[in-house]
Amino acid sequence: METIITILVGVLVTVAVYLLLSKSLVRVILGTAILSHAVHLLLMTMGGLKKGAVPLLGENAESYTDALPQALILTAIVISFAVTSFLLVLAYRTYKETGSDNLATLRGFKDE
Amino acid sequence: MKINDVILQTVTKIVVFIILTFGVELFLSGHYNPGGGFIGGLVLSSAFVLLYLVFDIETVHKGIPFDFKKVAAFGVLLAVGTGLGSVLFGASFLTQTASHFNLPVFGATELSTVMLFEAGVALTVVGVVVTIILSISEDV
Amino acid sequence: MLAITIAIFIPFMAALFVPFIYKRVRSRNIGWFVMSVPLVLFIYLASLIPAVAGGKTYIHTIKWIDSAGINFTTYLDGLSMIFGLLITGVGSLVILYSIYYLSEREALGRFYVYLLMFMGSMLGVIFSDNLMVLYVFWELTSISSFLLIAFWYHRKKSRYGAQKSMLITVSGGVGMLAGFIMLYTMTGSYSVREIIGTIGQYTNESLFLPAMLLVLLGAFTKSAQFPFHIWLPDAMEAPTPVSAYLHSATMVKAGIYLVARFTPVFGGEAVWFYTVTGVGIFTLFWGSVNAVRQTDLKALLAYSTISQLGLIMSLFGLGSAALNEGYSADSVIYTQATFAALFHLINHSTFKGALFMVVGIVDHQVGTRDIRRLGGLMSLMPVTFTIAVIGSFSMAGLPPFNGFLSKEMFFESVLIIRNLDIFAMGPVWGSLIPVVAWLASVLTFVYSMIIVFQTFLGKHQPDRLDRKAIEAPVGMLIAPLILALFVVGIFFFPNVVGNYLLRPAMTAVYPPFEGAEGLVPHIAAWHGFNAPIIMTIGVIVVGALLYTYLRYWRGIYSLAPMRWNLDSMYNGLLTQTEKASSFLTRTYMTGYLRDYLVYIFVFFILTVGGGLLWTGGFSIDLSNDAPITISEYIIIFVMMGASIAIIFAKSRITAILLNGVLGYSIAILFVVFRAPDLALTQIIVETVTTALFLLCFYFLPEWSKEKTTRSLKVFKGIIAISVGTVVTVLALVVQGNKMFESISVYFENAYELAGGKNIVNTILGDFRAFDTMLEVVVLFIAGIGVFTLIKLKAGKGDEDVED
Amino acid sequence: MNNILVMPMIIPLLTGVLLVFIRSYVLIQRVFSLVSIAVTVAVSVTILNLIQSDGILRLDFGGWLPPYGISFVADSFSMLLVLTTAIVTGILLIYAFSSIGRAHENMFFYPFVFFLIAGVNGSFLTGDLFNLFVCFEVMLLSSYVLITLGGRKVQLVESIKYISINVLSSWFFLVGIAYLYGTVGTLNMAHLSVRIAEVGQGPLLTVISIIFLIVFSLKSGLLLYFWLPGSYSAPPTVVAALFGALLTKVGIYAMFRVFTLIFYHEPGVTHLIIGIMAAITMIGGSIGAIAYNDIRKIVSYNVVIAVGFILVGLAVSTEVAIQGSIYYLIHDMIIKALLFVIAGTMIYLTGTARIQNMSGLIRNYPLLGWLFFITMLSLAGIPPLSGFIGKVYVGQGAIEAGAFVLLAIAFLSSIFVLYSLLRIFLNCFWGETIINEDDDVPLKKGMLIPMVLFGILTIALGVGAEGLAPYVSDAARTLMNPEIYIDAVLNSDS
Amino acid sequence: MNVSTIGEFVGAFLILTGGVASVISVFGLLRLPDVYTRSHAATKSSTLAVLLTLSGAFIYFLFSQDFVSVRLLLGIVFVFLTAPVAGHLIVRAAYRSNVKLADISTEDELYEVLHKDKVEEDGTGQ
Amino acid sequence: MIQAMLTTSLVLFSITIAIAVIRIILGPSMPDRVIGLDMIGVNLIAMIAVISVVMNTKAFLEVILILGILSFIGTIAFSKFIERGVIVERKHDR
């Protein structure tokens with residue numbers, strides 16, 4: 001299970017990186033969203049998969065699956081939600097302000 | 001073109017009620033079952049999202065006239081405040097305590113500072129999600 | 001003695017008061033107040049001469065940065081005494097001169113503040129025993145020189161000169177700092193005296209040589225030695241009193257001082273000997289060559305200063321040979337050179353100071369310094385002429401002026417060096433030094449004559465002058481006259497100087513020779529008809545001939561090798577560096593997000609992927625894998641398919657839908673991994689995110705097809721796949737190399753510890769509640785941030801400043 | 001239990017939240033924020049002195065002992081930075097009062113600044129790797145908002161790059177945490193150090209450490225600094241100054257912490273890479289600093305150079321060098337703030353950012369000019385200003401370690417710093433005065449006072465370097481001897 | 001074989017039926033010609049599938065653990081309530097965004113109604 | 001036997017999901033894709049129910065309910081977007 005999930009993580013990362021290297025801002029944002037999916041899975045995998053019961057003590061199992069990564073991922077999910085929403089709004093504000101969502105034209109102000 | 005989807009609006013009225021109840025339930029049961037402040041808050045806010053989707057900002061605002069930024073700020077205050085509360089009692093920052101009470105209606109209940117903390121979390125989540133959605137939608 | 005320390009600070013204190021006084025006085029009379037400062041100091045220092053001559057030294061320490069070994073230690077010995085007297089003495093005269101020289105319309109307050117700052121820093125340099133404190137003042141002299149050169153900052157040339165001098169001297173200073181630190185690293189002390197005491201055991205250390213060269217770099221840049229001399233002519237944009245003071249009499253001598261100070265440390269080493277002598281001799285030669293071709297009197301003086309500084313420098317180099325073997329009757333003879341150096345140092349300050357003032361007077365009175373426009377001023381400005389003659393002839397090495405004495409000793413020293421049998425000095429090199437020295441002296445003679453004759457003799461051309469030439473006011477003439485008196489006086493009573501000033505200084509430079517016979521020779525104007533006097537006669541004869549036929553051979557300056565110019569190299573270096581930097585920076589700083597991301601990814605692939613490959617041999621151990629069911633396989637493949645499809649999605653809705661599929665599938669994976677809380681969160685967050693995407697899509701355009709070339713696509717693909725592979729491989733390696741049990745076992749006692757049964761929730765709400773609290777803050781910031789981002793829009797009024 | 005430890009973070013946090021409620025009362029906001037910064041400074045000083053008497057302090061949140069709970073750990077290094085942060089912010093706030101404008105003040109400008117400070121201070125204090133990530137995010141999110149606040153075109157365009165790159169770096173951070181957790185199974189930094197020391201830092205852990213290196217390099221602008229010049233020249237002056245003074249420093253701090261506490265076993269690999277990166281950073285920064293005629297760009301590249309310089313100390317990793325880095329770090333926070341503020345003020349006064357279009361400012365604004373002059377000298381490490389002692393120590397460390405190339409580049413870079421700023425000084429402050437006295441923009445007192453304060457600070461820090469010496473040497477000693485830190489964190493009786 | 005085993009079996013069987021129903025409905029999604037028909041397959045029969053499954057799970061828990069899951073019941077109610085509305089909305093959206101009907105469709109009654117509407121709407125100033 | 005039935009149904013559900021994803025990718029129209037997502041949502045509910053049964057745990061029952069709610073919300077959002085572009089209206093009478 002871990003192996004295939006790791007490979008899945010790799011595929012997600014590949015896709016995300018490819019999207020990040022796009023011109024279109026929306027693609028980039030989507031890329032970051034997928035990146036965060038990937039890292040959540042990675043964190044999960046690193047804690048070990050299916051190693052025990054659901055981490056609810058009422059379940060009366062001998063061993064529980066590693067709860068710490070779950071807590072971390074939860075935090076990470078919320079943070080990435082916050083960032084993604086901000087980035088999205090930024091994207092549309094930028095589009096409204098500059099009339100472009102093409103990063104190749106949004107190079108910033110020229111010095112000379 | 002009016003939104004005149006009676007079916008949707010009727011169903012929503014019921015569904016939102018279910019979601020809100022369920023959200024509160026999730027929030028309260030978090031210490032023993034899946035759920036907690038975050039999830040509870042998120043579910044509550046998804047109920048608001050549904051309301052905004054189906055109705056419109058004006059209508060919803062008539063029903064729930066909160067400034068959600070303040071709600072969120074209050075939530076943060078609550079979360080941080082519980083931490084500071086423990087400082088006042090001479091314990092480490094963010095020390096949580098719990099004790100059991102026998103309340104008339106609920107029977108033996110555990111009341112803990114975690115509850116307050118989680119309430120803060122939930123309020124913030126609701127406040128923030130709604131603020132974001134409202135801010136964007138109002139910017140037409 | 002505390003007084004020395006205070007002496008350093010008095011000028012700074014005075015500088016603080018000057019602006020206030022200037023506000024009241026607002027006239028040139030402010031100068032009198034300023035002049036009192038160096039005068040008092042001069043008198044005070046002079047009063048110490050007898051004691052110092054008697055071998056006494058004064059030391060005083062104030063703690064500063066004790067932990068770094070940097071303490072404010074002042075040290076007065078013979079060497080610093082000479083410099084101290086020069087600084088305060090010439091300083092007084094220069095201020096006196098400036099009172100009459102500068103117009104009242106100038107920002108006199110500012111001028112005197114700078115000048116006092118400089119004076120204080122210069123005193124700091126020579127009185128500091130601690131190298132770091134020395135460096136502090138060293139840089140302060142550069143800065144005050146910078147400010148003084150650019151005193152007329154609205155002139156472009158002033159700014160250019162200031163920038164040039166600052167860059168060069170500060171660069172040298174930085175090198176010197178490195179050298180000092182190296183010395184500290186070796187010896188563990190910043191105190192010069194302590195270093196001198198212990199340096200013997202460190203001469204073989206690998207740091208010894210670099211330290212020496214770096215210290216020399218500092219000295220050479222400051223003293224305008226070749227090839228760093230180029231800043232000095234441009235520094236002449238400063239008001240003339242400044243040039244007289246800083247750029248001939250004092251600041252440029254700081255490098256000389258440093259060499260003298262460090263002779264006991266590094267002297268006796270072949271590298272030191274050759275570098276100092278060689279650079280000095282060549283500077284002497286090069287400066288005199290260039291001086292002859294100048295038409296601006298001040299520029300001529302600047303080159304002559306360079307040349308003279310080279311002379312002094314080379315003498316110190318020659319003198320260092322004495323330290324090679326320690327004290328012996330043979331080696332003491334080489335100390336003559338140092339003696340000559342110190343003597344010439346004083347002489348140079350007197351005659352060069354006088355000459356600068358003369359040039360200033362000429363400039364002030366007739367409005368030009370161009371020798372092609374000058375001439376015939378002798379009868380109009382007789383006093384000035386007299387001073388000029390005294391100064392120039394002294395510089396040319398003619399009797400009865402002090403320059404003659406030191407020039408003779410110089411010749412003697414370079415002749416002696418032929419006998420040197422250390423440092424692999426063969427007859428060729430040994431003879432080259434006197435020859436070059438002699439040639440340079442000839443040219444010195446020539447330009448000295450130019451100063452006098454082309455300015456004061458020849459045809460008077462009133463129509464080419466800005467103002468009618470009349471003699472300068474008395475006040476302006478006092479200072480150069482005093483200096484001229486010294487020029488003559490020292491010639492007649494050289495041994496007063498020798499015994500009272502040079503003797504203690506020699507002891508300071510040659511601690512092992514203390515009290516040695518022959519360390520302080522008797523200076524005599526006539527010492528028999530020997531080689532030096534022949535050389536001098538030769539100089540006069542050949543020099544006179546060359547001067548007479550100047551216009552016939554001046555043509556060689558326009559020959560190719562002579563046009564080859566360090567100045568243009570410096571300018572070229574700056575502009576080329578700027579251009580190249582600009583080009584380079586613009587090449588990689590494209591402002592395009594993709595490029596930046598590519599840099600990051602490439603760096604990641606190279607370091608992490610490269611690290612993986614390079615260290616190699618990782619075991620990938622898959623035996624610990626959890627079992628997997630068919631349905632899970634299907635879900636995972638669905639996810640892979642969906643994610644890959646996102647790349648090819650034609651519309652953004654499809655992409656978002658597929659992203660939603662990914663999100664929901666991850667939720668089910670979380671279910672499979674027994675993480676209910678995560679699954680819940682993931683589902684809700686995914687939905688809300690999707691809703692947000694849709695909300696924003698209303699405002700955004702449909703995404704267009706990426707119009708990219710095939711090769712770019714392949715490039716992107718390669719990067720993407722490499723990143724994915726590195727992440728995956730590393731993760732697999734980590735899988736097989738779990739070294740410890742996780743700490744999370746602890747949390748399984750959640751119920752006993754925190755009274756909760758949902759472990760994840762207790763972690764979030766109790767064990768790691770702090771994380772949760774901050775996370776809430778993050779969310780809050782994002783929420784309010786979105787609000788502000790939308791509400792606060794740039795109005796028309798506050799558009800960007802022009803870019 | 002030392003609840004005071006959380007105060008440098010909680011006070012700004014609470015202030016930020018409370019300010020949200022009094023959004024429309026600008027005056028109250030100002031007073032409140034100044035008071036709270038003052039309290040933060042006082043608290044920081046108290047903690048710093050407590051550390052000198054009691055050793056490293058630790059606060060376990062919720063009473064959960066490390067490594068299970070999250071702890072704040074304060075040693076001299078972190079507290080010095082916390083203190084400097086508070087002071088710099090306080091002064092910058094004064095500048096903000098007269099420069100930022102009412103629209104910003106109404107739009108939660110102060111809360112965001114305080115959240116930023118909370119994040120920064122949290123990052124300095126935390127003893128837990130994941131908490132460090134969260135604190136980073138607090139800081140970053142606030143910085144995202146601050147950089148866009150105002151919504152000018154430049155800001156939006158630059159912030160997209162800034163945010164995207166930082167999102168990526170946060171992602172790398174999480175990946176690194178995941179790997180590290182997978183191998184070592186813990187998150188507390190001291191515990192990580194113990195466990196890694198136990199098994200030895202093998203190749204795998206070294207590779208993982210490189211991921212952290214990338215993360216912190218991105219944050220601090222070490223080699224991966226290309227996002228920096230653009231984004232630091234976009235926002236309003238105060239924000240740019242805050243960024244220039246604080247943000248990169250957090251990355252640097254984290255790098256120091258991680259590579260002296262956790263991954264210090266393989267200096268041949270990690271510290272070598274850091275050294276090479278520092279060298280290239282200094283070169284790139286130097287080149288960049290003289291490549292532009294835009295003040296904002298020049299100033300931003302100066303940030304880059306300083307980053308490289310500070311990390312020379314880490315690359316060399318001798319106690320003296322680290323002392324130098326700490327001195328330089330503190331110096332840089334102050335002087336960069338001043339530099340950015342001056343640059344911003346110049347742009348405010350002239351309405352242009354190009355040095356060709358300014359001239360002779362010193363006639364109308366002499367104090368500003370001399371402050372710039374002092375800044376320039378201080379940045380170039382000219383004594384007796386604050387940059388000097390750090391430079392000496394770093395140089396000394398480099399010499400002791402035989403890193404002569406680094407030494408040469410580091411010292412040369414300070415000449416480039418000097419040159420780049422000299423160009424500004426000569427062109428903008430000197431030269432013919434273009435604006436005549438009638439139509440020049442008046443320089444507000446409220447802008448001048450903070451600059452003067454910074455100027456006094458840099459002089460005081462240079463002349464009074466000895467006053468800091470016990471703290472700095474304690475900080476360096478702690479960094480060089482990780483067991484001190486570990487012992488303070490993992491012994492349970494506190 | 002006691003009651004609980006039988007109950008579990010019934011539950012599992014219901015679940016399996018649900019699975020089969022779902023596959024059948026998804027074939028509809030794959031094979032049918034246009035949105036409107038596909039929506040029919042997706043919303044109607046897959047609702048059935050999920051209902052079967054949820055009921056199966058409910059019964060299973062009821063018998064194996066004596067556990068009456070209110071949440072499952074709520075879930076059933078919920079899906080019942082929402083799935084048709086969702087289907088309705090999608091088709092409505094599809095029609096309003098002018099997704100073409102399949103070529104084999106014979107009638108489009110709504111077309112005329114809507115177009116009449118449109119004239120009116122314009123009249124009322126929408 | 002029961003296990004086999006449960007596993008089979010899990011596989012069936014995942015096949016359904018796979019096919020629905022194919023529909024999302026192929027389109028051709030937007031509503032087609034939304035239907036696909038809706039279908040996936042509904043099937044995920046079923047899958048989670050089965051997984052709960054297989055694991056014999058009650059922990060995921062909340063997830064079922066949430067998924068039910070949210071796939072509904074998602075579908076509404078998408079169909080509103082397709083229909084009118086804006087998914088949250090400001091005023092009542094637009």
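Reckoned from all heavy atoms, side chains included, excluding hydrogens, waters and symmetry mates. The structure presented is a predicted model; accordingly, all values stated were derived computationally and were not measured.
- Only the side chain of E/Leu72 comes within less than 4.5 Å of a heavy atom of chain F; its backbone N, CA, C and O stay farther away.
- Of the possible donor and acceptor atoms, one in the side chain of F/Arg23 sits under 3.5 Å from a partner among the backbone N and O of E/Leu29.
- Taking both residues in full, the closest heavy atoms of E/Phe78 and F/Ile69 are given as CZ-CG1, 3.2 Å, listed atom of the first, atom of the second, then distance.
- Contact of F/Glu62 with chain E is made through backbone and side chain together, with heavy-atom distances under 4.5 Å.
- The shortest non-hydrogen separation linking E/Ala93 to F/Glu83 is CA-OE1, 3.8 Å.
- Looking at E/Val91, there are no atoms closer than 4.5 Å to chain F (heavy atoms on both sides), in backbone or side chain.
- For F/Asp32, the parts sitting under 4.5 Å from any heavy atom of chain E are the backbone and the side chain alike.
- Between F/Leu12 and E/Gly19, the shortest heavy-atom distance links the atoms CD1-C, 3.7 Å.
- Here CE of F/Met39 is found 9.0 Å from OG1 of E/Thr47. Values are rounded to the nearest 0.5 Å.
- In this structure, CE in F/Met47 is found 11.0 Å from OG1 in E/Thr53, a value given to the nearest 0.5 Å.
- Expressed to the nearest 0.5 Å, how far CZ of E/Phe58 lies from CG of F/Leu61 amounts to 10.5 Å.
- For F/Ile64, the part lying near chain E is the side chain, with the backbone staying farther off; criterion is any non-hydrogen pair under 4.5 Å.
- Top candidate by heavy-atom pairs under 4.5 Å with chain F, chosen from E/Ala94, E/Ser25, E/Ser22, E/Ser46, is E/Ser22.
- To the nearest 0.5 Å, atoms OG (F/Ser29) and CZ (E/Arg38) are separated by 6.5 Å.
- Atoms CZ and CG, on F/Phe78 and E/Leu89 in that order, are 13.5 Å from each other to the nearest 0.5 Å.
- Residue F/Ile82 comes nearest to E/Ser97 through the heavy atom pair CG2-OG, 3.5 Å, listed as atom of the first residue, atom of the second, then distance.
- Among F/Leu65, F/Ile76, F/Val53, the residue making the largest number of heavy-atom pairs under 4.5 Å with chain E is F/Val53.
- Contacts between F/Leu6 and chain E at a heavy-atom distance below 4.5 Å involve the side chain alone, from C-beta outward.
- Minimum heavy-atom separation, F/Ala49 to E/Leu54: CB-CD2, 3.6 Å.
- Here E/Leu16 contributes atom CG and F/Ile2 contributes atom CD1; the two are 12.0 Å apart, rounded to the nearest 0.5 Å.
- With a threshold of 4.5 angstrom between heavy atoms, F/Thr75 approaches chain E through side-chain atoms but not through N, CA, C or O.
- With a 4.5 angstrom heavy-atom cutoff, E/Thr17 does not touch chain F via any of its atoms.
- Heavy-atom distances place both the backbone and the side chain of F/Met5 under 4.5 Å from chain E.
- In terms of heavy-atom pairs under 4.5 angstrom with chain F, the leader among E/Ser39, E/Ala12, E/Gly56, E/Gly11 is E/Ala12.
- For chain E, the option among F/Thr8, F/Leu67, F/Ile19 with the highest count of heavy-atom pairs below 4.5 Å is F/Ile19.
- Proximity to chain F (any heavy atom under 4.5 Å) is restricted, for E/Val79, to the side chain, taken from C-beta onward.
- Around CZ of E/Phe13, the count of heavy atoms belonging to other residues, nucleotides or ligands within 6.0 Å does not exceed 12.
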